[in-house]
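Side chains are part of it too, since the values below use all heavy atoms of this structure and drop only hydrogens, waters and symmetry mates.
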Amino acid sequence: MAWPKGLDIRALNVFTETARSGNMAEAARLLGMTQPAVSQYISKIEEALRTQLLDRRLRPARLTPAGEVLRDRAEALISSAAVSYTHLRAHETR
């Protein structure tokens, strides 16, 4: 399976932070980014996956059903990547 271009750990982290806060401006503040940069990440993920992840008509924005699935899976992937990184770093210092 080819991994969709633009869908990486950083993008997933931006998405999950946006999903948690329900607000791109708040996610941007927490991530040390600009709101337009967060918006671009979300748009690129939606384009890569060919589905809408956030219902932007609502305030705060709400996840679509596809967004809920991605949030759950992205949180698991991010957690797994963090654990893997920790284990790799521990082996480096030996």
For residues 6-16, dump all side-chain donor-acceptor pairs below 3.5 Å to protein atoms at least two apart in sequence or in another chain.
unit_1 : atom_1 : unit_2 : atom_2 : d
Asp8   : OD1    : Arg10  : N      : 3.3
Asp8   : OD1    : Ala11  : N      : 2.8
Thr16  : OG1    : Leu12  : O      : 3.2
Thr16  : OG1    : Asn13  : O      : 3.1

Donor-acceptor contacts under 3.5 Å from residues 65-88 side chains, at least two apart:
unit_1 : atom_1 : unit_2 : atom_2 : d
Ser84  : OG     : Ser80  : O      : 3.0
Thr86  : OG1    : Ala82  : O      : 3.0

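Rounded to the nearest 0.5 Å, atoms CG (Leu30) and CD (Glu17) are 5.0 Å apart. Interatomic distance, Asp55 CG to Leu63 CG, rounded to the nearest 0.5 Å: 10.0 Å. For the atom pair Asn23 CG and Thr18 OG1, the distance stands at 8.5 Å (nearest 0.5 Å).
In this structure, Arg62 places its CZ atom where only 12 or fewer heavy-atom neighbours from other residues, nucleotides or ligands lie under 6.0 Å away.
With sequence neighbours left out, Glu26 forms a side-chain hydrogen bond (donor to acceptor under 3.5 Å, both in side chains) with Arg29. Residues forming a side chain to side chain contact (heavy atoms under 4.5 Å, CB included) with Ala48 (at least two apart in sequence, or on another chain): Pro4. Looking at residues two or more places apart in sequence or on another chain, you find no side-chain hydrogen bond (donor to acceptor under 3.5 Å, both in side chains) involving Arg50. Take Arg56 and apply the side-chain hydrogen bond (donor to acceptor under 3.5 Å, both in side chains) test, not counting sequence neighbours, and it matches Glu46. Annotation: salt bridge (Lys or Arg N to Asp or Glu O under 4.0 Å) contacts of Arg59 (sequence neighbours excluded): none.
Screening residues 32-44 for side chain to side chain donor-acceptor pair (under 3.5 Å), with sequence neighbours left out, gives no hits.
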